[in-house]
Amino acid sequence: MTETASPNPSSTTPAHRYNAALANAIEPKWQKLWLDAGVHHRPNPGERGFDASRPKFYVLDMFPYPSGAGLHVGHPEGYTATDILGRYKKMAGHNVLHVMGWDAFGLPAEQHAINTGEHPATFTRGTIDTFRRQLQRFGFAYDWSREVATIDEAFYRWTQWIFLKLYGSWFDPWQKKARPIAELIGELENGDLRIASDGELVHVGRTAKTLNALGGEPGTARRWHELSKDEQRATIDDQRLAFVGEQTVNWCPKLGTVLANEEVIDGRSERGSHPVFRKPLKQWMLRITAYADRLLEGLETVDWPEDTRSKQRHWIGKSEGAEVDFALDIDTDDPEIDADLPPALRVFTTRPDTIFGATFMVIAPEHPVVDAVLRTPRPQTPVEELRAYAEKARNTADVDRQAAKEKTGVFTGLHAINPVTGDRVPVYVADYVLMGYGYGAIMAVPAHDERDFAFAEKFGLAIRDVVYPVAISAMAYYAANATSDETGDEGWLPTLADMLGYVTSNDLTPKDFEHALTHVRKNRRGEKPVPEERQELVGASPADLADTERWRGAVRGQWIDTIESLFGRSFETMRETFASGAYYARQGQPYDGNGYAANSTATVEGSTVLLDGMPTSKAKATITDWLDQTGIGRRRTNFKLRDWLFSRQRYWGEPFPIVFTENGDHYPIDADALPVKLPDIADYEPAVSEDPQPLLAKATDWVRTTAGEAGCSALDPATVVYRETNTMPGWAGSCWYYLRYADPHNDAALVSKEAQAYWLGDRGVDLYIGGSEHAVLHLLYARFWHMVLYDLGYVDSPEPFRKLFHQGLITAFSFQRPDKTLAPNDTAEEVAEGQYVEKGTGVKLTPVVAKMSKTLKNVVNPDDIIAEFGADTFRLYEMYMGPLEASKPWNTRDIMGLHRFLQRLWRLVIDEETGEPRLASAADAGVDKQLHRTIAKVENDIERLSFNTAIAAMIELVNLATTKAGSVPIFTQQQARRVAATLAPFAPHTADELHERLGGVDHVGQQVQTLYNSAWPKYDEGQLVDDEVEIAVQLAGKVKARITVPADADAKKLEAIALEHPEIKPLLEGKTVRKVIAVPGRLVNIVAN
RNA sequence: GGGCCCGUGGCGGAAUCGGCAGACGCGGCGGACUUAAAAUCCGCUUGGGAGAAAUCUCAGUGAGGGUUCGAGUCCCUCCGGGCCCA
């Protein structure tokens, strides 16, 4: 029995009332007991106490970054949800894996170190202790023996190990999976794979034809032994899933760090306003792009919120199109210049059907051809202007370059040949083309792309129509096919208007134009009988001919207006416009939608391509096939997804298990030499320098070592080597921590085969709950790593997280001034009911929902709430606020309602004066029935994560029992035990305390220390249905009466009862019953008039 | 600008499959207990109208339209808010 001193100074409060004091006495007691007894510890398969008969359930929280500010009320929301589900699943017979850990590398600790000199490790250990203490105060049923932190050497040793696996693997595009590099070398050595001149791997017999200009035929690809040692090394390094790549970054020399785009404002750092330069930097990259298709396909197999799947799809950004080579027209006698420039510019386009409209080309400022032209300029090249432009553009962030309204650019002096039209087209440099997408070069089709159009207008370049929507297509057709008697004066206008009306209202396509024009002409000459024709014209049967006439007149009038607005009343203007393909130039805006191809016919080297009149989708397929056959281009899928920049110039992250030799070659550290420990450094201030200098470079003794010291057996032990000084980004540890939970103390493997097979199985984590802010990055990166580990045989599930759920944001009420700015909560004063003004200024304030923030003074500290109400009340409140996925405002006032619920429930079972159980000797039938229903509802609601309604059901039970009880006991001992078990997942401390006071025997007669080890109560299906139900009788959808009928009454019986009902019968007098809809158990609806 | 999601009492929300809108909690109002207050307990609480009352009646889920015997729920247009991409 718990010793609870009278918690209230007032003598009138009973000694054993459930209140904050009682909660704060019993909760720590149970928490200590659970921890000491290891109640929530789950053994692994093969360990003592493992129960193989139970199915597994792996429920996972997104582990927190332990910030110095401590726990926020948002944290326990998701954690309470998983705790309820985990506790419920345990009681329902599962082995539940539920662990907490710490995502503990990251910038804030490093910033703290800069400010205070305190080692990030010391600081972080402290914040972890705070977080752990705060979380334990909630009574979450975590298996704390499995706790991990990403900063533990025993943990990041395996993060480094996975990096070595990425480094030591390549993506086989034919098998579509990762394989060890050794197997790649094997296939190169045995001749199955060769190396094309552009570095691509060619699989003998399996590769599609490569392009004429750049690729070369498989026959010309070189064999492995024909490569020099350096070439062999480069070939292999180009295939690794972890590779060194060059990436343009925002470098701020003054701050000594690389900045994110968001941290750069107008070329200066947000912090301190120092100049920022865009600088190419060699860094570690992870080849996530190889998995683009797998990452996309896998989304169809998981139970995730549609919104999140959609975000990932967009992020991956798959687009189908073609790549095409535009030969450069170099036209020079100087072989040196020829050699410096590539033979062609390769472009990617999602609209190959518009290639006939490609009247110029644009390359990115970073494109290698720009530097080549600057070295060996053409006669027309404006060298200084080009140099200056490229320089400036390279120092502007991609987002800003794309956002700029005014198009800028410089002519390179180069021309290329449009491969289908044979036209010589100018090549420009412009900043709206990015090096990162496609090949950093585009074919510009001004008539069908907004940015190309703007550029063409500004630089006076040709704009040529190649796609028309159907109506414009019909105009073009008529312009070319009008008879001479129609073209004079006004004869053509009504004819064309009728044709357009006919075409559009009947959804005709260009192949019908000839027929349509004939039809319209015949009609106008009055050669055909009128009625049928006009009905056909309208596409529906009009009431009479007059209507048709009016309708037709209106349509013709509208089209005449449209034509006139485009071409005036001049047929010649229209003819000329379409003959020269200048419709969009005349319109002043491009058309980027689908339609029908026009002006798109050519014969190249004896092969004819004819797209005219084809719908866009067919035109795309046709031109792509043609490009493929002629070797000018080929089908190509492109992705928006970029390879993952994996290097950071920070201190507080995982060191790379990589060393470099004097000549810059990189070598891996041996797996058994891991971890590569983070060295201590004297200070954390970034170096001020012209070149990015990672902080670890300060640890000079650590950086310069020997292969033997470093544990790199690929080199002679005496070789001098330099360690990689970048560290891994914050995402690294979070990519795989959920695997470590399954086997956290294993020092022979990141997770044992058996533990992984049991806890993850072939479906992965059963439920993952966390914020939607991680919809893309974390959840994409983790899937990528998991897929690599799957390919290499370390995990059995193709996807890591079977079911994903995002809890909503907890917001807060705040106050808005009339000018829409927000006022801190402590400045608001309530002057009347619901009326607020700002203190001092007297400005009227409107309550609004806003994010919690320190400046608004609306942040709630969980510790304070627990002190005031107890953890169980807190848990219930957060779950009761609304649907788990919804964003919802915190309102401290509402908490009292949940506290009262526990208090009332407690009072039903426990005598407030004595603390002893108060039990009825016989069960009340109504209460018993409600208890069965409550258990059923709670069970159903937990399964669908609808905790708010589950709690409402328990409150209803308590309300009913309270009403029925009056002042005498209402629950029998058995009922009380069932109630406690039902409450246990939600309010585990209160439930266990009730359980203990009820004798420590659960509802199935087991003596258990805690309800966590009890069973989820069963309910009687028979108790869920009533013998009789009250249903509504509606007359034309309005409820007119309620009837009580047997629950099993069928539709026929319901109808009979309803029609004879004394309240209904009079209402039907003099009316005919047209229809009766009877839904058993729901209602009867009578339609009568 | 494009895509997605959401608008229900004074507030948070419920209505799980197209079937009686507003469960449950907060707040408010009234009552019991109390010298009093707090706490606790009981009752009422979408709006309008009628009635002494039980109750009856009309309207009602951002606005307008549509599908349906029946729409908070499905479809279209618009307004407002949020998120993502540009």
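As a basis for the values below, the full set of heavy atoms in this structure was taken, side chains included, without hydrogen atoms, waters or symmetry mates. Proteins get letters first, then strands, A, B, ... in listed order; numbering begins at 1 in each.
- Within the 4.0 angstrom heavy-atom criterion, no nucleotide atom of any strand lies near A:Ser772.
- A:Asp911 places no side-chain N or O within donor-acceptor distance of the main-chain N or O of A:Pro917, the cut-off being under 3.5 Å.
- Atom-to-atom, CG of A:Leu884 to C1' of B:U16 comes out at 16 Å; the value is rounded to the nearest Å.
- B:G22 and B:G9 have their P atoms separated by 14 Å, with the value rounded to a whole Å.
- B:G12 and B:G65 are spaced 32 Å apart, taking the C1' atom of each and rounding to whole Å.
- Taking atom CG of residue A:Leu905 and atom C1' of nucleotide B:G25, one finds them 16 Å apart after rounding to whole Å.
- Residue A:Ile955 has its side chain nearest to B:G25 when only B:C41, B:G25, B:C85 are considered.
- Relative to the side chain of A:Phe813, the nucleotides B:C24, B:U40, B:G12 differ in distance, and B:G12 lies closest.
- For A:Asp894 against B:C26, a side-chain-to-base donor-acceptor contact under 3.5 Å is absent.
- When heavy atoms are screened at a 4.0 angstrom cut-off, A:Arg309 is found touching no nucleic acid atom at all.
- Nearest nucleotide to the A:Ile1077 side chain, out of B:G19, B:G25, B:C26: B:G19.
- B:C76 and B:U67 have their P atoms separated by 15 Å, given to the nearest Å.
- Using a 4.0 Å heavy-atom criterion, one finds that A:Asn940 contacts the bases of the nucleic acid, with or without backbone contacts as well.
- Nucleotides B:U73 and B:U16 place their C1' atoms 12 Å apart, quoted to the nearest Å.
- Between A:Phe455 and A:Tyr432, the ring centre distance stays below 6.0 Å.
- Minimum interatomic distance between A:Val859 and A:Met852 (heavy atoms only, all atoms of both residues): CA-SD, 4.0 Å.
- To the nearest whole angstrom, the two P atoms, one in B:A14 and one in B:G51, are 39 Å apart.
- Side-chain N/O atoms of A:His899 and A:Thr873 include a donor and acceptor closer than 3.5 Å.
- Atom NZ in A:Lys311 sits roughly 15 Å away from atom P in B:G82 (whole-Å rounding).
- In summary, A:Glu1055 and A:Lys1052 do not engage in a salt bridge, as defined by a charged side-chain N under 4.0 Å from a carboxylate O.
- Rounded to a whole angstrom, the distance from the P atom of B:U40 to that of B:G25 is 14 Å.
- Between B:C5 and B:C11, the two P atoms lie 26 Å apart (nearest whole Å).
- Nearest nucleotide to the A:Asn959 side chain, out of B:C84, B:G19, B:G25: B:G25.
- Taking CG of A:Leu908 as the reference point, atom CG of A:Leu957 lies at 8.5 Å (rounded to 0.5 Å).
- Distances shown here put a side-chain N or O of A:Asn948 below 4.0 Å from the OP1 or OP2 atom of B:A14.
- Closest-nucleotide positions on RNA chain B for A:Val1087 and A:Arg900 were compared, and the one nearer the 5' end corresponds to A:Arg900.
- You'll find that the side chain of A:Thr949 is closest to B:A14, out of B:C11, B:A14, B:U16.
- Shown here, B:G9 is classed syn by the O4'-C1'-N9-C4 or O4'-C1'-N1-C2 angle, which is within 90° of 0.
- Here A:Phe971 contributes atom CZ and A:Leu905 contributes atom CG; the two are 6.5 Å apart, rounded to the nearest 0.5 Å.
- Remark: A:Arg783 fails to qualify as a cation-pi partner of A:Trp315 under the 6.0 Å distance and 45° angle criteria applied to the six-membered ring.
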Look for any protein N or O under 3.5 Å of an N or O in nucleotides 2-6 of chain B and output each such pair with its distance, or none.
none

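- Between A:Met896 and A:Pro883, the residue whose closest nucleotide on RNA chain B is further toward the 5' end is A:Pro883.
- Taking the side chain of A:Arg1082 as heavy atoms from C-beta on, and the options B:G27, B:G12, B:G19, the nearest nucleotide is B:G19.
- In this structure B:C24 sits in the anti conformation; its chi angle is more than 90° from 0.
- Close placement of the A:Tyr877 and A:Trp890 rings is indicated, their centers lying within 6.0 Å of each other.
- At a cut-off of 3.5 Å, with distance as the only test, no side-chain donor of A:Asn638 or A:Ser319 sits close to an acceptor on the other residue.
- A:Arg893 places its CZ atom 10 Å from the P atom of B:C26, with the value rounded to the nearest Å.
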Can you run through RNA chain B from 5' to 3' and write each base as (, ), [, ], | or . depending on how it pairs? Watson-Crick or G-U wobble, both distances under 3.5 Å. (((((((..(((......[....)))((((((.......))))))(((((....)))))..(((((..]....)))))))))))).
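- Rounded to a whole Å, the NZ atom of A:Lys640 is 9 Å from the P atom of B:C85.
- Side-chain proximity of A:Pro889 to B:C69, B:G13, B:C42: nearest is B:G13.
- Among residues two or more places apart in sequence or in another chain, the side chain to side chain contact (heavy atoms under 4.5 Å, CB included) test is passed with A:Phe453 by A:Glu457, A:Ile463, A:Pro590.
- With rounding to whole Å, A:Asp592 atom CG is found 17 Å from B:A86 atom P.
- Across the protein-nucleic acid pair, A:Leu809 atom CG and B:C83 atom C1' stand 11 Å apart, rounded to whole Å.
- Separating the CZ atom of A:Arg907 from the P atom of B:A39 is a distance of 13 Å, rounded to the nearest angstrom.
- OP1 or OP2 of B:C69 has at least one side-chain nitrogen or oxygen of A:Lys1075 nearer than 4.0 Å.
- Other residues, nucleotides and ligands contribute more than 12 heavy atoms inside 6.0 Å of the NZ atom of A:Lys458.
- Residue A:Lys851 is classed as having no contact, given no heavy-atom separation below 4.0 Å to the nucleic acid.
- Closest contact between the side chain of A:Trp315 and the listed nucleotides B:G25, B:G12, B:C85 involves B:C85.
- Side chain of A:Gln903, nearest nucleotide from B:G12, B:U40, B:G25: B:U40.
- Put simply, CG on A:Leu1054 and CG on A:Leu1059 are 10.5 Å apart, with the number rounded to the nearest 0.5 Å.
- Nucleotides B:U77 and B:C83 have their C1' atoms positioned 23 Å apart, rounded to a whole Å.
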